[in-house]
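The structure appears right after this line, and notes come after that.
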Amino acid sequence: MESKQLKIHNSLTRQKEVFKPINPPFVGMYVCGPTVYSDVHIGNVRTFVSFDIIYRYLKYIGYKVRYVRNITDVGHLEGDADIGAEDKIAKKARLEQLEPMEITHRYTLGFHEMMNTFNTLSPSIEPRATGHIMEQIEMVQDILDNGFAYVKNGSVYFNTVKFAESNDVYGKLSGRKIEDLFSETRDDLKHQDEKNHPSDFAIWIKADENHLMRWNSPWSVGFPGWHLECSVMSTKYLGKTFDIHGGGSDLKFPHHENEVAQNHGACNAAPAKVWIHTNMLLMNGRKMSKSDGNHITPVELFTGDSTHITKAYSPMIVKFFMMQAHYGSTLDLSDAALLAAEKGYRKIMEANRTLQQLVYEGAEALNDEDTEIQALMNGIFVDMNDDFNTPQALAKAFGLVNKINSFKDGHIALNSISRRTFEKLQYIFTAFLFDICGLKDETLNSEESNGITDELMQLIIELRQNARGNKDWAMSDKIRDSLAGIGVQLKDGKEGTTWIKS
RNA sequence: GGUCGGGUGGCCGAGCGGUUAGGCAGAGGUCUGCAAAACCUUGUACGGCGGUUCGAAUCCGCUCCCGACCUCCA
């Protein structure tokens, strides 16, 4: 059964491969988390939403997943430089006259809140770089012992030239040719002269006097290089070689490339079998950039407080918008695209409510509808198995939306599908939307209502029905329009009137 | 400049050798007191130029644009 096999695009091989865990049913997945020195970027949110769906789907199809996502709270230097620049967190701490830990604590909380807002599941473990200084020092020592690093003035550098000579690993992940890597010069960086070669990178950095974050090590009082934490923490929690390593495509080089080198250098093993890279979020067809104003924050999306959008978009609308594209493609955020996503999101949520309220009656009178619906349901999983293709799976789900609404309108008799198919439909549809995609039904009115709202609405709907019965159109329209004015939309259907918050 | 990845209808976005993707918007219809919602029907595509093939959006070559990384921005 082809459709039963999960295939994943492996960045390492640039091919879709059948996913075979090292120790089924267990799966180890490591995803590079945020550097907590500022509010989380909406593009970063996309990455974590993508991996949330991947995590949810792996669990849904029965794997026992250990999902590790780190918090980078030290070592990530300005400009992704590996030395000579200021640590992102230390810089922020200095600016705001706070302890580095205050900075990272604040933004870690903010990050968690945002992940919660987007209804993503917590990873199994969320280790911090500062909590693993000892292990990082040990790994530096291991790399030194294996001859792939050298010490200069208290800093330790990874010897890329020697590493490249000893195997053909370096450059493979990012698709770079060794010659190109080695011909690059970055003269503008300080401490460049400490390196034997421009492509070498720091794994331990000696702190200068003013540096706020510093630890004792055999080489100097200093701090670990940015790439090291991921090598260390993935190894510690998932083993030398594990199943999946993920992150944004912007991390491919140098971060992931150097991570791979470190793992080989320390453990003589490749860290991950499968690499998954999620693509960038654009806005209005261009890269988001703070400096030229082509930029929006998650909060601005939720409040509508931005010149780039005409209205507020809720977290689930934004999430749904993201799901309509494949994680491996760039996605272009725009007001029109969000508007379309909002309509689509509401339509599918409404269909789910309709579906759950349908009641199967009468004897089965099966026809083609049964097989069509079976095929659509099955298709969702065929698509998800094809490298987590959420846009295609969603297309199948919209096929089901069509069927569901036809049941509601009586265009298709419910008993033209079997009772079993119907029950499966109710189950699968909800499971896909909520368990796999991790959506929430924000339009659901029962959440904050305590029953009174529903009863009040029933009363109002009844009063309007009476008015309509008396052909008192002025009254019935007044009710409808007034409700619309306070954000309640009435929907007249064959089976009576329902309402939603608009 | 180097290395990767893209250019699909009004918009977003799947597909990647032969099938309606899907959502939104548009047009016509059904329903409705009128609307909205829902349902039915429906138009508009594959950057350009060559080539391979019975057949190409899908493969190859050239070309033009765009994006990512290499350099502050996830």
Side-chain angles (χ1 to χ4, degrees), chain A residues 11 14 32 34-35 38-48 78-81 85 88 171 174-177 179-181 183-186 188-189 199 247-255 257 277-282 285-292 294-295 320-321 323-326 328-348 350-351 354 379 383 386 389-399 401-412 468-469 471-473 476-477 480-481 484 489-494 497-500 502:
Chain A
S11 311
R14 284 152 234 280
C32 289
T35 300
S38 66
D39 290 321
V40 62
H41 191 286
I42 185 67
N44 227 171
V45 169
R46 183 193 181 199
T47 295
F48 299 131
E78 284 287 304
D80 292 357
K88 287 191 176 192
S174 56
R176 270 147 219 261
K177 293 193 182 111
E179 311 87 72
D180 296 339
L181 277 173
S183 66
E184 274 172 26
T185 53
R186 284 172 283 177
D188 49 330
L189 295 178
S199 68
S249 61
D250 53 327
L251 296 177
K252 230 185 207 180
F253 188 87
H255 184 58
E257 194 66 75
H277 284 101
T278 56
N279 219 136
M280 301 292 101
L281 183 66
L282 308 177
R286 284 165 31 234
K287 184 181 181 177
M288 283 197 206
S289 163
K290 276 173 194 160
S291 52
D292 71 5
N294 194 232
H295 189 265
F320 182 82
F321 164 71
M323 287 171 39
Q324 282 187 301
H326 189 260
S329 306
T330 52
L331 172 60
D332 193 3
L333 185 144
S334 65
D335 192 54
L338 285 168
L339 220 46
E342 173 171 31
K343 294 277 184 64
Y345 166 74
R346 291 203 167 162
K347 185 172 178 176
I348 206 164
E350 170 112 31
T354 302
D383 294 334
D386 184 15
N389 197 329
T390 51
Q392 276 221 286
L394 226 37
K396 300 293 193 306
F398 274 107
V401 166
N402 199 270
K403 298 292 184 191
I404 291 163
N405 285 324
S406 293
F407 286 138
K408 182 190 73 177
D409 280 12
H411 289 102
I412 306 176
R468 295 177 76 198
K471 297 197 189 298
D472 185 356
W473 308 130
S476 83
D477 286 354
R480 183 177 69 195
D481 297 342
Q489 190 193 358
L490 293 183
K491 297 187 173 191
D492 297 326
K494 282 228 165 60
T497 301
T498 57
W499 66 281
I500 59 160
S502 56

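Letters A, B, ... mirror the listed sequences (proteins, then strands); counts begin at 1.
Along RNA chain B, the nucleotide nearest Asp386(A) and the nucleotide nearest Gly285(A) are compared for position; the residue whose nucleotide lies closer to the 5' end is Asp386(A). Map Asp39(A) and Lys471(A) each onto its nearest nucleotide of RNA chain B; the residue landing nearer the 5' end is Lys471(A).
Closest contact between the side chain of Pro254(A) and the listed nucleotides rC70(B), rA14(B), rC34(B) involves rC70(B). In the set rA36(B), rG22(B), rG33(B), the nucleotide with an atom closest to the side chain of Gln489(A) is rA36(B). Candidate nucleotides rC34(B), rC40(B), rG13(B) were compared by shortest atom distance to the side chain of Ser406(A), and rC40(B) ranks first. When each of rA74(B), rG23(B), rA36(B) is scored by its nearest atom to the side-chain atoms of Ala340(A), the top-ranked nucleotide is rG23(B). Minimum atom distance to the side chain of Asp332(A) is reached by rG13(B), of the listed rG13(B), rA74(B), rC11(B). Listed candidates were rG33(B), rA21(B), rG67(B). Nearest to the side chain of Pro391(A) is rA21(B). When the nucleotides rC73(B), rC12(B), rA68(B) are ranked by their closest atom to the side chain of Leu331(A), rC12(B) comes out on top. Ranking rG22(B), rG67(B), rC39(B) by closeness to the Asp409(A) side chain, first place goes to rC39(B).
The CG-P distance, from Asn405(A) to rC39(B), rounds to 4 Å in whole Å. Rounded to a whole Å, the CZ atom of Phe320(A) is 12 Å from the C1' atom of rG13(B). One interatomic measurement links the two molecules: CG of Asp383(A) to C1' of rA21(B), which rounds to 10 Å at whole-angstrom precision. Atom CD of Glu350(A) and atom P of rG23(B) are 16 Å apart (whole Å). Following rounding to the nearest Å, Met280(A) (CE) and rG7(B) (C1') show an atom-to-atom distance of 19 Å. Per the geometry, CZ belonging to Phe398(A) stands 16 Å off C1' belonging to rU20(B), to the nearest Å. Summarising the geometry, the separation between NE2 on His326(A) and P on rC12(B) is reported as 19 Å, rounded to the nearest angstrom. When the P atom of rA35(B) is taken as reference, atom CG of Leu490(A) falls 17 Å away, rounded to whole Å.
Spacing between rA35(B) and rG43(B) at atom C1', rounded to whole Å, works out to 26 Å. Between rC39(B) and rU44(B), the distance separating the two C1' atoms is 23 Å to the nearest Å. Taking the C1' atom of each, rA45(B) and rA57(B) are spaced 8 Å apart, rounded to whole Å. To the nearest whole angstrom, the two P atoms, one in rC16(B) and one in rU32(B), are 44 Å apart. Going from the P atom of rG9(B) to that of rG22(B) covers 16 Å, rounded to whole Å. Annotation: rC31(B) and rG15(B) have their P atoms spaced 40 Å apart (nearest Å). Annotation: rA68(B) and rG10(B) have their P atoms spaced 26 Å apart (nearest Å). Here the separation of rG48(B) from rC73(B), taken at their P atoms, is 37 Å to the nearest Å.
Here Gly43(A) lies in heavy-atom contact (under 4.0 Å) with a base. If you check every strand for non-hydrogen atoms under 4.0 Å, Arg468(A) touches a base.
Pairing for rA68(B) is with rU3(B), a Watson-Crick or G-U wobble pair whose two hydrogen-bonding atom distances lie under 3.5 Å. Nucleotide rU44(B): unpaired (no Watson-Crick or G-U wobble partner with both distances less than 3.5 Å). Partner assigned to rA21(B) is none, using Watson-Crick or G-U wobble distances below 3.5 angstrom. For rC39(B), the paired base is rG29(B) (Watson-Crick or G-U wobble, both distances below 3.5 Å).
For rA25(B), one of the phosphate oxygens OP1 or OP2 lies less than 4.0 angstrom from a side-chain nitrogen or oxygen of Lys343(A). At least one side-chain nitrogen or oxygen of Lys88(A) sits closer than 4.0 Å to the OP1 or OP2 atom of rC73(B). Look at Ser329(A) and you'll find a side-chain N or O under 4.0 angstrom from OP1 or OP2 of rA14(B). Contact between the side-chain N/O atoms of Asn402(A) and the OP1/OP2 oxygens of rG22(B) is not found at any separation under 4.0 Å. Residue Lys408(A) has no polar side-chain atom (N or O) positioned under 4.0 Å from OP1 or OP2 of rA37(B). In terms of phosphate contacts, Asn389(A) brings no side-chain nitrogen or oxygen within less than 4.0 Å of OP1 or OP2 of rA14(B). Phosphate proximity of rG22(B) to Lys347(A): absent, as no side-chain N or O sits under 4.0 Å from OP1 or OP2.
Judged by distance alone with a 3.5 Å cut-off, a donor-acceptor contact links the side chain of Arg480(A) to the base of rC34(B). Below the 3.5 angstrom threshold, one finds no donor paired with an acceptor across the side chain of Asn279(A) and the base of rG5(B). Remark: the Asp492(A) side chain and the rA35(B) base include a donor-acceptor N/O pair separated by less than 3.5 Å.
With hydrogens and angles left out, the side-chain atoms of Asp492(A) and Thr497(A) include a donor and acceptor closer than 3.5 Å.
Judged by distance alone, the side chain of Gln324(A) and the main-chain N or O of Pro391(A) form no donor-acceptor pair under 3.5 Å. No donor-acceptor pair under 3.5 Å is formed between the side chain of Gln392(A) and the backbone N or O of Asp383(A). Using a distance-only test at 3.5 Å, with no hydrogens or angles considered, a donor-acceptor pair links the side chain of Thr390(A) to the main chain of Met323(A).
For the pair Phe398(A) and Gly344(A), the tightest heavy-atom approach, listed with the atom from each and the gap, is CZ-O, 3.6 Å. Considering every non-hydrogen atom in both His326(A) and Arg46(A), the closest pair reads O-NH2, 2.9 Å. Heavy atoms only, all atoms of each residue included: Gly247(A) and Thr47(A) are closest at C-CG2, 4.3 Å. Residues Asp332(A) and Ala337(A) come closest through the heavy atom pair O-CB, 4.1 Å.
Considering only residues two or more places apart in sequence or on other chains, Phe407(A) meets the ring pair (Phe, Tyr, Trp, His ring centres under 6.0 Å) condition with none of them.
Aromatic stacking of Trp473(A) on rG33(B): satisfied, with centres closer than 5.5 Å and planes within an angle under 30 degrees.
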